[in-house]
Amino acid sequence: MLFFTKFFAILLLSVPLFANGTLKGKVTDKASNEALIGANIIVLNHSWGAATDIDGFYEIKNIPAGTYTIKVTYVGYAPFEKKDVTIKNFQVVELDFELETDFTLSEIVVVDQKYFEQKATNTVKVVDSEMINKLPVKGTNNIMSLQSGVVVNDRSINIRGGRVDEVGYYIEEVQVQAGVYESRYSKINPINTSNEEYAEVDENVFNNSFKTPLSTFAIDVDAASYTNVRRFINSGQLPPKDAVRVEEFINYFDYDYPAPKDEPVKIYTELSNCPWNKENYLVHIGIKGKEISRDQSGPSNLVFLIDVSGSMQPENKLPLLKRAFKLLTKQLRNDDKVTIVVYASSTGLVLEPTFGYDREKILNAIDNLYAGGSTAGGAGIQLAYKMAEVNFMSDGNNRVILATDGDFNVGISNTTELVKFIQDKKQKGIFLTVLGFGGENLKDSRLEKLADDGDGQYAYIDNFMEAKKVFVNELGATLFTIAKDSKIQVEFNPAKVKQYRLVGYENRLMNDEDFDNDKKDGGEIGAGHTVTALYEIELQDDIDEISELQLKYQVVELKESARTTDELLTVKFRYKEPNGETSKLISQAVPLSALRKYPSKNFNFSAAVAMFGMILSDSENKGNSNLDYVRELAESNLGEDNFGYREEFVDLVQKTKRLDHLAGR
């Protein structure tokens with residue numbers, strides 16, 4: 001008994017030696033309450049510290065009992081110290097910090113050499129710290145980050161976290177008199193598109209609804225075109241016209257559609273006047289996929305197929321890619337499984353199938369990736385699908401995630417052969433997500449083709465916040481399919497609609513007879529995803545002219561019911577369950593009586609985005625579209641905009657206006 005008493009006494013005395021405390025919390029901007037990513041938190045006079053994650057949280061473990069001073073630093077903000085923080089053994093101390101922007105620079109000099117809105121001049125503006133403090137401070141959407149805290153946007157200057165808005169000049173040079181900061185706008189080099197590949201977009205035209213009453217297309221939830229075009233605009237130049245796919249602009253944004261109850265999807269329709277052509281009407285069609293929680297979705301068998309060829313070396317390629325996949329790794333469930341395949345001059349398996357609970361192993365494998373060699377893309381795809389098949393989860397989600405700039409030049413380099421290979425594999429229940437990175441040699445048309453034919457999604461990652469959108473904010477839609485081979489067919493009533501035009505979806509059009517053919521592929525809808533399509537229609541003005549279509553061997557005429565009904569059109573949606581082989585059909589009619597004088601925010605915002613796409617592609621059907629109207633319509637229909645994507649769109653329109661002016665358009 002004495003032995004055990006001494007043993008426990010020794011044990012109790014020794015516990016504090018290894019049972020230390022933990023300090024955790026969040027760091028935010030005091031003015032905006034936004035999380036600060038990458039802020040440094042240190043225990044002064046010690047080697048203990050941490051950096052905040054993408055949500056602003058930090059955690060410092062194994063701090064011995066005692067009283068300490070905690071210091072928080074972040075570029076553009078005043079350092080903050082918290083004294084007399086007591087840490088006890090076995091204790092978790094939660095301590096949040098609010099940092100204030102730091103305007104301690106004496107003055108900056110802005111030299112404008114390219115003027116936007118006022119008369120041309122070579123004015124020099126000197127702004128001192130007192131003036132800066134009187135100007136509005138907002139969150140930033142940066143074009144360029146300079147050394148430690150000076151950020152230049154095309155209409156503002158951000159100095160150590162504060163923003164000087166509406167400079168009104170195309171910034172050419174920013175200096176700090178002390179010589180600490182110095183940069184020129186010209187450092188944002190124009191993108192060389194000579195090695196980039198875009199499929200030609202042959203814009204949809206108006207169709208006579210009596211001669212061509214059916215419009216059929218595969219749904220498309222891709223959004224790569226929008227983010228790729230954003231890359232161009234943020235680099236100070238207008239995009240190539242064929243880089244613009246209007247439906248991908250529209251579908252970049254989520255819309256507030258009613259959620260389905262019994263079916264995996266639900267149709268939403270709305271009818272109102274067409275904003276860019278007041279003589280016509282606009283039909284807004286929305287498809288809403290049901291939400292699935294992580295518990296409902298089952299485990300995931302994911303194969304990361306990563307391009308590590310020499311072309312992936314730039315900062316916006318492999319380095320950004322690695323940060324993106326780390327985000328995804330942190331979202332994994334313990335029973336998820338990850339395999340990593342890389343390809344360059346040769347193909348290799350750098351991570352055997354690893355369960356999600358071993359995140360550190362997965363993160364380390366991502367950390368150790370480096371770029372070099374040529375691009376054996378085809379061979380990489382073959383190995384990736386082989387690993388997906390070997391580890392197939394019959395009760396879960398099986399997916400290959402391909403991340404590349406699309407520059408396949410070794411192996412199965414022919415796009416047709418790649419598509420055939422992927423189509424064969426998708427029949428086995430393996431889906432494909434394609435992520436494009438970087439520029440200069442982006443093979444956009446190839447990546448889009450692979451995703452479309454692989455029952456997958458194509459996204460372009462132009463910055464870290466887009467990676468967060470794809471892998472955090474919209475993880476369910478990115479990874480979990482709730483409907484495949486999805487198609488839309490709209491039948492127009494010629495007695496009511498004279499002609500119609502589908503806005504976008506040019507490369508997703510299908511033959512009318514393919515709608516009912518389950519052997520013909522459609523698109524994929526992810527959990528919680530929304531799909532939106534717009535039709536511009538002109539109402540019928542003389543029904544007598546269309547009573548009969550004169551053909552040699554047959555007579556085509558209107559049914560009497562077409563004349564008497566109030567219906568303009570009927571939307572038919574066909575889809576398969578993720579593991580199904582037989583499609584299901586749902587439909588919904590749109591009557592003229594449903595016309596809204598005051599359309600919803602869904603309607604107006606999607607129309608604004610469509611106009612923006614038509615302006616950038618110089619559409620013959622853009623009507624009265626102009627950038628001022630786009631900005632006004634979008635800005636007044638932002639809705640909840642939880643992640644700020646719509647507000648960013650408004651900023652993008654403003655940047656485009658200035659670029660448009662410089663281009664002399």
Side-chain angles (χ1 to χ4, degrees), residues 201-219 246-247 267-287 487-517 520 522 532-574 585-596 603 607 610 614 619-624:
V201 177
D202 189 10
E203 186 182 27
N204 291 332
V205 297
F206 278 93
N207 291 280
N208 182 297
S209 61
F210 186 56
K211 297 178 180 178
T212 313
L214 298 176
S215 173
T216 309
F217 62 97
I219 62 114
V246 178
E247 76 280 1
I267 298 176
Y268 167 93
T269 61
E270 190 171 351
L271 174 68
S272 191
N273 293 96
C274 180
W276 59 85
N277 185 351
K278 296 300 183 181
E279 299 298 318
N280 289 345
Y281 292 104
L282 190 66
V283 181
H284 178 115
I285 300 171
I287 305 293
K487 315 164 189 174
I488 291 178
Q489 185 171 79
V490 179
E491 180 178 354
F492 291 89
N493 178 2
K496 305 296 181 182
V497 177
K498 183 176 184 179
Q499 59 178 353
Y500 65 87
R501 187 180 80 88
L502 174 61
V503 180
Y505 290 94
E506 283 84 1
N507 60 359
R508 303 290 277 168
L509 300 179
M510 304 181 71
N511 295 326
D512 294 333
E513 61 271 18
D514 292 340
F515 181 73
D516 295 319
N517 186 348
K520 294 294 183 179
T532 302
L534 304 178
Y535 280 93
E536 181 181 353
I537 64 172
E538 179 184 352
L539 295 187
Q540 187 61 259
D541 53 2
D542 189 352
I543 194 171
D544 293 331
E545 289 186 359
I546 59 164
S547 60
E548 187 175 297
L549 184 63
Q550 298 293 336
L551 298 175
K552 184 176 181 179
Y553 301 109
Q554 60 179 317
V555 175
V556 180
E557 60 183 348
L558 283 176
K559 293 180 179 179
E560 185 60 30
S561 58
R563 301 170 183 269
T564 58
T565 184
D566 185 40
E567 294 177 1
L568 295 174
L569 57 96
T570 296
V571 179
K572 294 180 286 185
F573 179 73
R574 191 174 285 281
L585 174 68
I586 58 176
S587 64
Q588 183 170 314
V590 179
L592 181 58
S593 58
L595 179 67
R596 289 189 181 185
F603 184 99
M614 289 190 289
S619 166
E620 294 182 359
N621 298 287
K622 63 180 181 292
N624 297 321

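Keep in mind that this is a model prediction, so the values were computed, not measured. We number each residue from 1, following the sequence as shown. As a basis for the values below, the full set of heavy atoms in this structure was taken, side chains included, without hydrogen atoms, waters or symmetry mates.
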Flag yes if more than 12 heavy atoms outside K278 fall under 6.0 Å of its NZ atom; otherwise flag no.
yes

Less than 4.0 Å between a side-chain N and a carboxylate O, is that true for K496 and E567?
no

What distance separates D512 CG from S215 OG, expressed to the nearest 0.5 Å?
8.0 Å

For the residue pair E506 and V201, establish whether any side-chain heavy-atom pair is separated by less than 4.5 Å.
yes

side-chain hydrogen bond (donor to acceptor under 3.5 Å, both in side chains) between E491 and T570, intermediate numbers included
CA-CA 5 Å; E491 180 178 354; T570 296; 5.9 Å; no

Those residues that, when tested against N277, pass side-chain contact (heavy atoms from CB on, under 4.5 Å) (two or more places apart):
C274, E279, N280, E536

Cationic tip of R574 within the cone over F515's six-membered ring, i.e. under 6.0 Å and within 45° of the normal?
yes

Say you draw a straight line from OH of Y535 to CG of L282; how long is it, rounded to the nearest 0.5 Å?
12.0 Å

I'd like to know whether I287 forms a side-chain contact (heavy atoms from CB on, under 4.5 Å) with I488, so could you lay out the CA-CA distance, the side-chain angles of the two residues, the decisive distance to 0.1 Å, and finally the verdict.
CA-CA 10 Å; I287 305 293; I488 291 178; 4.2 Å; yes

Checking Y500 now: which residues fulfil ring pair (Phe, Tyr, Trp, His ring centres under 6.0 Å) with it, not counting sequence neighbours?
F492

Flag yes if more than 12 heavy atoms outside K520 fall under 6.0 Å of its NZ atom; otherwise flag no.
no

Side-chain donor/acceptor of S209 to backbone N/O of N493, under 3.5 Å:
no

Which heavy atom in D541 sits nearest to a heavy atom in K498, and how many Å separate them?
OD2-NZ, 3.8 Å

Side chains of H284 and T532: closer than 4.5 Å at any heavy-atom pair?
yes

If every non-hydrogen atom of Y505 is compared with every non-hydrogen atom of A218, which pair is closest and at what distance?
CD2-O, 3.9 Å

Can you tell me if N204 uses its side chain to pair, donor with acceptor, with the backbone of G504 under 3.5 Å?
yes

Answer yes or no: is there a donor N or O on one side and an acceptor on the other, between the side chain of N208 and the main chain of F210, under 3.5 Å?
yes

Distance (rounded to the nearest 0.5 Å) between K487 NZ and L585 CG
11.0 Å

Minimum heavy-atom distance between L271 and P591, given as atom pair plus value
CD2-O, 3.8 Å

Evaluate the side-chain contact (heavy atoms from CB on, under 4.5 Å) criterion for residues V503 and W276: first the C-alpha distance (whole Å), next the side-chain angles of each, then the deciding distance (0.1 Å), finally the verdict.
CA-CA 12 Å; V503 180; W276 59 85; 4.2 Å; yes

Distance col, row L568:CG vs Q540:CD, nearest 0.5 angstrom, shows 11.5 Å

I537/Q499 under side-chain contact (heavy atoms from CB on, under 4.5 Å): CA gap, chis, key distance, verdict:
CA-CA 6 Å; I537 64 172; Q499 59 178 353; over 6 Å; no

Ignoring hydrogens and geometry, is there a side-chain-to-backbone donor-acceptor pair from N273 to Y281 under 3.5 Å?
no

N511, CG atom: more than 12 neighbouring heavy atoms under 6.0 Å
yes

Less than 4.5 Å apart, side chain to side chain, heavy atoms only: is that true for L509 and L502?
yes

Between E203 and S619, do the side chains contain an N or O donor and an N or O acceptor separated by less than 3.5 Å?
yes

What verdict does the side-chain contact (heavy atoms from CB on, under 4.5 Å) test give for E247 and N507, after you've listed the backbone C-alpha separation in whole Å, the side-chain angles of each residue and the deciding distance to 0.1 Å?
CA-CA 10 Å; E247 76 280 1; N507 60 359; 3.8 Å; yes

With sequence neighbours left out, the residues meeting side chain to side chain donor-acceptor pair (under 3.5 Å) with Q489 are T216, K572

D566 side chain to S593 main-chain N or O, any donor-acceptor pair under 3.5 Å?
yes

Less than 4.5 Å apart, side chain to side chain, heavy atoms only: is that true for I285 and L534?
no

Quick one: pull up CG in L214 and CE in M510 and give me the separation to the nearest 0.5 Å.
13.0 Å

